[in-house]
Each structure stands twice: as structure tokens, then as C-alpha cells.
*Asks:* 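Before I ask anything, here is the structure I am working with.
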Amino acid sequence: MGNSLKKGWNTFFTDSLFCHAKLPDGFGVNLCFKDPGTGRVLRDSFFSRWEGGCGESVRADIRSLDGSYTRLTLSWNGSETVVESAADRDSCVLLITPVRQGQLPMTLLAVGTVLWNRPVCVRRAGDTLEAETETGLIRVYACGSRTEDPYAGLGAPYLALSLGRPAVISMGTERSEEEAREIVGAARERLMQEHAAFGGLCDAYAGIQSAVGWNTVYDPEEDTLFTGVSRKWNAANGGYMIFCWDTFFAAVMAGLFSPELACENFRAVLTRRTEEGFVPNFASPDGMKSRDRSEPPVGALALRMLAQRFGEEIPVREFFPALLEWNRWYAGHRMLQNGWLCWGSDPYEPRLGRYWEKNGVGAAFGAALESGMDNSPMYDGVPFDEERHIHRQADVGLTSLYFADCTLLADFAAQLGKFEEEAELRGRAARCAEGLSELWNGEAGIFCNRRTDTGEWNLRLSPTSFYPLFSGKVTAAQAERMLREHLYNPEEFWGEYVLPTIARNDPAYPEQDYWRGRIWGPSNFLTYLALRAGGQEDAARELAQKSLGLFRKEWRENCHTHENYNAELGIGCDSDNSDNFYTWGALLALPALMEDGKF
């Protein structure tokens, strides 16, 4: 992609989709909108439904990752406005086009904004804005129906234009409306040509590109970029919220476009490790993180996929020590002598006294949260071992993913010449494989979670029961039963929309509440990878196509990439508990690209 993503103009300021930020300067131009009917000013906006009653809706449309072209559509109080941008390292052109107006046209307020408390001085200089930064002077120009609005209440210099006609905001070089249309149109055409290279899967590529691009923001604490789960989550948690397995999956998706961003995501999540060396469930500003629990160990899996794609561009040697430390923590805190692994939550002294330092910590609910499948029926009524701080239940999904983690890290260790570490990891993998074999339920014909105190089977099935295929230890007869009796069984997992996160015949399935029956991108993605690893190519291909069909339904209609989807309706908008622009919703589209050799 040429220049680093951390240089030039892009939408990487987390607080508003309409802020175009210049890195590394720390200056931004934030587009605000004033409704003449109410006098209200829309200062920031996200994709999710606005909670303050403002009533705006933002459509993601398409964008490049590097910010060379972006497009958003804002609907607010009867008006509709399209905002397009074209940018390179030193200049940026914003074309704001009113498509539908209310009784009176809105006012556009282009606000000069100091970002991340950088040493920037912004002032209005006649009809322009000027920003003095450490790298030089940046000028901001406006073209359109100029107006004045001294009552916007913004507290920073701004340029005001009436949106009775199109407006242009340009940074670096002054542009007329005609010039802006030409520049933006050329940038749009280049992006469309990029998409066209993917043929019938161009919408899958565009959807992943959009989800990753719009949810990627700059982290001034660590001087990194990272792809958050959504901007709404960032805003609700003081500036950012980095989740564990979400970020590793975001790194994989970023690998479609940029090894740089893939590595930035790895750094963002690995630098948030706890004092004990594990990657926490979440981390946010002020040192807030879940010191009681981690999340599914998918880091080595993500690293292997990226290393296979980009080779030496992925610094395996840099990431290996942190992943090994995390793997060792799991062995010491969640692994039993017989090779089973259980989800857990370790008590600790709160650092900040916040809600998630207390709620569920050192208890069964915290252990369920560690699974990443927070309210899954698999964990209903499972007792908690107060001494070891783990569920009294061996978990098929965790045991399978940990086996894969050990095996892949052992391969990396061999590649790096770390032979003692390789032997250590292969030893844990062997122990784990033995434990996994004891989770095969011959009567049910599938791998099941199992109580560690009584040996009783938990027959509440989720897609995690297919994860043992990662191990290479599943016999052909076992695999045949798993697929015939369960995966392809319409009473359990198959159907028009797949895969529900609890079997369709489970009493909790009709709830369609979060992990109680809805479809999630990571579950489909991991099951797809497990099927491929287990040599079930036909089943993997079918799952890829069904996942793509589910993704396309909301993407083509609304440009949504939902957190989760209704397993009966194939939509996400039926639930307020499904963020409509959540990064890993686009994971549903990735297997189809992999099947087509595009990843």
C-alpha cells in the first residue's frame, strides 16, 4: 500500500466517523451538521443506532483501507447527505452532497480539531482554517454556500456552509466543486476497479474492507493502529476497547489488504497482556483490563494464517514470546492433569473499582465470559471450583483450540530454532490430545463437554463440538458421524441459515438471544477452519457458501456487518443486542474468499 497507514489523512480518530485526521500531526477536520428546525448540532456519529434520541442513521457504503476513498450516507431529521473523501499523504478533499433536504437545508460545520492532545495550534484565518503542527502548516479551505453561525457552540474554529447545494472542504490545496468531483470520482473508480478484480466475490471483499477500515482507529497510548470491534464500544469505554480474540480475527481480515495493519493489531492486543502474562478478555484506558480471565487462544492460529500469506513480512520472532507466555499461562491456570481444559476466572484485587473488576470475577459467570460466548447455554448450571477458580466442566472448544495453539507454536519454535520450547509445546499438545480423546461421546456420536467432578456428559451442543477436527486425531468414522448426525442435521445445525450457536433442538434456541441460538461470525469461521484442517473439504465449502449468503443478506440491503444474526430470519436488525457494524460480522465473508484462493 505504499506509505505507512500511520502517515497521511484517514478516518482513524475514534470519536466520529466524520472526522478526517492527519497522522502523525494530530490535527483533524470534523464535519458537524446543524439542523435548522431544532437547532441541534450533530457533533459525532457512529453506525449503531444513536442512543441519545438524535435519530440519525449512517450507512457505511464503501471505502479503501488507506483512506484514498471513503463514502458515508447520513440520514437525519428528514435529510440525506452523502459524504465522500479522497486523500493521499498530504492532501484531502471532502465532497458533501445533499441528496434529500428537510424543510430547510442543514448547515455544515467543518471544525478544526486538535487530536490526542498533540502540540497543534488551530485558528481561523479569514475564509480558511490554519493548523500549525510539528510537521508544518496545514490549511483548510471551503467551497460552497458560505454562511456564518456564531451560535453553533463548538468551542473551536470552524467554517460554515449551507447545504442547499454541494460543499467542498479541502486540506492542503484549495479545490473548486468541479475539481473535487473529478478527484473524488477518480478515487472512487480506482476502488471499484480494485473490487472488480474479485469478480463474483467483489461484495465479500468490499464488505470486509469496509468493516475493517471504518473500525480501525489510532491508539495514541501505544502509537499503534488497531481494529476495534466497533466505534460504539470505544466511545462507551473511555476511548477504546480492545478485545482478545476479536482483535486476532481483525488481524486476519486485515491480512486481505495490509500486512502492516495485521501486525499493528497483533501489537495492540499483545501489549495489553496482564502482569501474569496472559492476553486479557478486554483492555481499555487507565490500565483497565480483565485480570481474572482471558479469551479463546486463537493468536497462533491467526499468526500462522498471516505468515502463510505474507511470509517474512510478518515478524513471527517478535510475536512468538508473548504467545508462548500466554500458552504457558493457560497450562498453569486452566489445564488439568489429564489434558482437559476448563474456562475460569481468577479473583484479584480491583485496581480502579469499576464494574467489570467485580461482576463475575472469581465466579462461574466470569468463567463463561472467558469463553467469549458469554451467555451460552453450555454453561448454564455448571458448578464452579472455588479452589482452582475454574468451571467443573472440561470444554471441548477450549481443549481443541489449545491443542492447535500448542501445535502451531511448536512449529514456530522449530522455525525459529527454539528447540527446547518446541519440545515443551509438543509435550503439552500430546497431553491435550489424550484429554480430547476422552471427550468423544460414542453414544451421541460427537465430542461433548464433560463434568470434571462426575464425568457426566453435557449434551448441550454448539459449533465448538466440531473444533476437535483441528487436532488431526478425529477418526474417519467419528468425523462421518459428526457431520451426518449433527452438522447436516436440520434439527441441530443445518438449515437455510447456519450455524446457530446452540443446537436448534436445545430449549434455549428459541430465545435467539446473543449466544443462545444466534449465528456469530467467529463460530462459523472457526468451524470452517476446523473442517478444512480435518480434511472435510466438501463440508467446509458448503459452510463457506452458506456463511457468505447470510453475510450478503444484510450487507446488500443495509451495508451492515452485524455482531450476530437471527438463525431463523438471517438478519441482525431484529435485536438491539446486535451491533450493526461490528468488525467480526465480516468474518462470514472470509471463507468464501479463501475457497476461491483469494486469501
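Nothing fancy with the numbering, it's 1 onward along the sequence.
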*Asks:* Tell me the closest heavy-atom pair linking Leu341 and Gly339, and the distance in Å.
*Replies:*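 Smallest heavy-atom distance, with atoms named: CD1-O, 3.6 Å.
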*Asks:* Under a 4.0 Å N-O cut-off, is there an ion pair linking Lys232 with Asp579?
*Replies:*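 Looking at Asp579 together with Lys232, the answer is no, because their closest N to O distance does not fall below 4.0 Å.
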*Asks:* Check whether the side chains of Tyr205 and Glu194 place a donor and an acceptor atom closer than 3.5 Å, and report yes or no.
*Replies:*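 Yes, Glu194 and Tyr205 have a side-chain donor paired with an acceptor closer than 3.5 Å.
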*Asks:* Is it true that a side-chain atom of Glu370 and a backbone atom of Ser294 form a donor plus acceptor pair closer than 3.5 Å?
*Replies:*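 Between the backbone of Ser294 and the side chain of Glu370 there is a qualifying donor-acceptor contact (under 3.5 Å).
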*Asks:* Considering all heavy atoms of both residues, which atom of Ala544 and which atom of Ala592 are nearest to each other, and what is their separation?
*Replies:*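 Where Ala544 meets Ala592 most closely, the heavy atoms are CB-N, 4.0 Å.
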*Asks:* Side-chain contact, heavy-atom cut-off 4.5 Å: Cys432 with Met335?
*Replies:*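 With C-beta onward as the side chain, the pair touches.
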*Asks:* Look only at the side chain of Thr407 and the backbone of Ala404, and say whether a donor-acceptor pair between them is shorter than 3.5 Å.
*Replies:*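 No, Thr407 side chain to Ala404 backbone: no donor-acceptor pair under 3.5 Å.
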*Asks:* Would you call Leu256 and Leu65 a side-chain contact if the rule is heavy atoms closer than 4.5 Å?
*Replies:*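 No, their side chains stay 4.5 Å or more apart.
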*Asks:* Without hydrogens or angle criteria, can the side chains of Arg532 and Tyr528 be said to hold a donor-acceptor pair below 3.5 Å?
*Replies:*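 Short answer, yes.
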*Asks:* Does Arg291 reach the main-chain N or O of Tyr348 with its side chain, forming a donor-acceptor pair under 3.5 Å?
*Replies:*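 Checking the backbone N and O of Tyr348 against the side chain of Arg291, no donor-acceptor pair under 3.5 Å is found.
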*Asks:* What is the distance from atom CD of Glu276 to atom CZ of Arg328, rounded to the nearest 0.5 Å?
*Replies:*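 So the gap between those two atoms works out to 15.0 Å.
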*Asks:* Are any non-hydrogen side-chain atoms of Leu587 and Asn524 less than 4.5 angstrom apart?
*Replies:*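 No. Closest side-chain heavy atoms not under 4.5 Å.
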*Asks:* Of all heavy-atom pairs between Trp515 and Thr501, which one has the smallest distance, and what is that distance?
*Replies:*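 For Trp515 and Thr501, the tightest heavy-atom pair comes out as O-OG1, 3.0 Å.
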*Asks:* Kindly determine whether Tyr582 and Trp233 satisfy side chain to side chain contact (heavy atoms under 4.5 Å, CB included), including the steps that lead there.
*Replies:* CA-CA 9 Å; Tyr582 201 93; Trp233 276 93; 3.6 Å; yes
*Asks:* Taking Glu485's backbone N and O only, do any of them form a donor-acceptor pair with Asn489's side chain (distance below 3.5 Å, no angle check)?
*Replies:*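 Flag set: sc Asn489 to bb Glu485 pair under 3.5 Å.
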*Asks:* Do Tyr402 and Asn327 meet the criterion of a side-chain donor-acceptor pair at a distance under 3.5 Å?
*Replies:*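 Note: Tyr402 and Asn327 side chains meet the donor-acceptor criterion.
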*Asks:* Given 3.5 Å as the limit, does a donor-acceptor pair link the side chain of Asn458 with the main chain of Met378, or not?
*Replies:*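 A pair under 3.5 Å: yes.
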*Asks:* Got Leu303 and Leu408 here, is their nearest side-chain heavy-atom distance under 4.5 Å?
*Replies:*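 In short, these two side chains do not touch, never coming nearer than 4.5 Å.
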*Asks:* Tell me the closest heavy-atom pair linking Leu569 and Lys553, and the distance in Å.
*Replies:*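 That would be O-CE, 3.3 Å.
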*Asks:* Would a distance-only check, ignoring hydrogens and angles, find a side-chain to backbone donor-acceptor pair under 3.5 Å from Thr227 to Asn215?
*Replies:*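 Flag not set: sc Thr227 to bb Asn215 has no pair under 3.5 Å.
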*Asks:* State the CG-CG distance between Leu369 and Asn375, to the nearest 0.5 angstrom.
*Replies:*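 Answer rounded to 0.5 Å: 9.5 Å.
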*Asks:* If we count only N and O atoms by modelled type, under 3.5 Å, do the side chains of Asn281 and Arg293 hold a donor and an acceptor together?
*Replies:*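 Looking only at side-chain atoms, Arg293 and Asn281 do form a donor-acceptor pair, the distance falling under 3.5 Å.
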*Asks:* Find out whether Ser210 and Phe581 are in side-chain contact, i.e. whether some heavy atom of one side chain is under 4.5 Å from a heavy atom of the other.
*Replies:*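 Sidechains of Phe581 and Ser210: in contact.
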*Asks:* Got Asn441 and Leu459 here, is their nearest side-chain heavy-atom distance under 4.5 Å?
*Replies:*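 Yes. Closest side-chain heavy atoms under 4.5 Å.
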*Asks:* Is there a donor in the side chain of Tyr379 and an acceptor in the side chain of Asp395, or the other way round, less than 3.5 Å apart?
*Replies:*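 Judged by distance alone, the side chains do pair up.
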*Asks:* About how many Å separate OH of Tyr565 and SG of Cys573, when rounded to the nearest 0.5 Å?
*Replies:*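 That separation rounds to 9.0 Å.
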*Asks:* Do Arg304's NZ or CZ and the ring of Phe412 fall within the cation-pi criteria of under 6.0 Å and 45°?
*Replies:*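 The answer is no; the distance or angle limit is not met.
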*Asks:* Considering all heavy atoms of both residues, which atom of Leu301 and which atom of Leu529 are nearest to each other, and what is their separation?
*Replies:*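 That closest heavy-atom pairing would be CD2-CD1, 3.9 Å.
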*Asks:* Please round to the nearest 0.5 Å and tell me the distance separating atom CZ of Phe198 and atom CD of Gln209.
*Replies:*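 Answer rounded to 0.5 Å: 8.5 Å.
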*Asks:* Evaluate side chain to side chain contact (heavy atoms under 4.5 Å, CB included) for Asn564 paired with Tyr514, printing each intermediate quantity in order.
*Replies:* CA-CA 7 Å; Asn564 52 71; Tyr514 226 49; 3.7 Å; yes
*Asks:* May I ask you to decide if Leu483's main-chain N or O and His486's side chain share a donor-acceptor pair within less than 3.5 Å?
*Replies:*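 The answer is no, because no donor-acceptor pair under 3.5 Å joins these two groups.
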*Asks:* Indicate whether the side chain of Glu492 and that of Tyr509 have a donor and an acceptor atom separated by less than 3.5 Å.
*Replies:*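 Per modelled atom types, Glu492 and Tyr509 side chains form no pair under 3.5 Å.
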*Asks:* Is the backbone of Ala567 close enough, under 3.5 Å, to the side chain of Gln512 for a donor and an acceptor to pair up by distance?
*Replies:*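 Yes, Gln512 side chain to Ala567 backbone: donor-acceptor pair under 3.5 Å.
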*Asks:* Show your reasoning for whether side chain to side chain contact (heavy atoms under 4.5 Å, CB included) applies to Leu487 and Gln536.
*Replies:* CA-CA 12 Å; Leu487 180 67; Gln536 305 301 316; over 6 Å; no
*Asks:* Using a 6.0 Å distance limit plus a 45 degree cone around the ring axis, check whether Arg63 lies over the aromatic ring of Trp214.
*Replies:*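 Judged by the rule (NZ or CZ under 6.0 Å from the ring centre, within 45° of its axis), Arg63 counts as positioned above Trp214.
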*Asks:* Can you check whether Ala254's main-chain N or O pairs, donor with acceptor, with Ser258's side chain at less than 3.5 Å?
*Replies:*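 Checked: no pair found.
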*Asks:* Are Arg426 and Asp411 close enough for a salt bridge, meaning some N to O gap below 4.0 Å?
*Replies:*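 Judged by the 4.0 Å cut-off on N to carboxylate O distance, Arg426 and Asp411 do form a salt bridge.
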*Asks:* Salt-bridged, Glu438 to Arg450, with N to O below 4.0 Å?
*Replies:*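 Judged by the 4.0 Å cut-off on N to carboxylate O distance, Glu438 and Arg450 do not form a salt bridge.
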*Asks:* Between His389 and Phe384, how do the two ring planes meet: parallel, tilted or perpendicular, split at 30° and 60°?
*Replies:*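 The rings of His389 and Phe384 sit tilted, inter-plane angle from 30° to 60°.
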*Asks:* Taking the side chain as C-beta and beyond, is there a heavy-atom pair between Leu398 and Cys342 under 4.5 Å?
*Replies:*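 A side-chain contact is absent here, since even the closest heavy-atom pair is not under 4.5 Å.
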*Asks:* To the closest 0.5 Å, what do you measure between OH (Tyr330) and CG (Asp405)?
*Replies:*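 Reported value, rounded in 0.5 Å steps: 9.0 Å.
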*Asks:* Determine, step by step, whether Trp494 and Glu542 satisfy the side chain to side chain contact (heavy atoms under 4.5 Å, CB included) criterion, reporting the C-alpha distance in whole Å, the side-chain angles of both residues, the deciding distance to 0.1 Å, and the verdict.
*Replies:* CA-CA 11 Å; Trp494 213 241; Glu542 290 182 76; 4.1 Å; yes
*Asks:* Is it the case that Ser345 and Asp292 place a side-chain donor and acceptor less than 3.5 Å from each other?
*Replies:*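 Note: Ser345 and Asp292 side chains meet the donor-acceptor criterion.
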*Asks:* Knowing that exactly one of Trp326, Phe226, Phe525 qualifies, which makes a ring-ring contact (aromatic ring centres under 6.0 Å, His included) with Phe248?
*Replies:*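 Testing each of Trp326, Phe226, Phe525 against Phe248, the sole residue satisfying ring-ring contact (aromatic ring centres under 6.0 Å, His included) is Trp326.
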*Asks:* Do Phe551 and Thr561 have side chains that get closer than 4.5 Å, going by heavy atoms?
*Replies:*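 Yes; the side chains approach each other to less than 4.5 Å.
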*Asks:* Do other residues, nucleotides or ligands put more than 12 heavy atoms under 6.0 Å from Lys473 NZ?
*Replies:*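 No, NZ of Lys473 has 12 or fewer neighbouring heavy atoms, counting only those of other groups under 6.0 Å.
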*Asks:* For the residue pair Glu295 / Trp245, report whether a side-chain donor-acceptor contact shorter than 3.5 Å exists.
*Replies:*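 Checked: Trp245/Glu295 side chains pair up, N/O donor to acceptor below 3.5 Å.
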*Asks:* Can you tell me how far NZ of Lys598 sits from SG of Cys202, rounded to the nearest 0.5 angstrom?
*Replies:*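 Rounded to the nearest 0.5 Å, the SG-NZ separation comes to 10.5 Å.
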*Asks:* So which heavy atom on Ser578 is nearest to which on Arg518, and how close?
*Replies:*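 Residues Ser578 and Arg518, closest heavy atoms: CB-NH2, 4.1 Å.
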*Asks:* Using a cut-off of 6.0 Å, state whether more than 12 heavy atoms not belonging to Glu443 lie near its atom CD.
*Replies:*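 At most 12 heavy atoms, drawn from other residues, nucleotides or ligands, come within 6.0 Å of this atom.
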*Asks:* So does Gly344 get a backbone contact from the side chain of Asp385, meaning a donor-acceptor N/O pair under 3.5 Å?
*Replies:*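 Here the side-chain-to-backbone pair does not exist.
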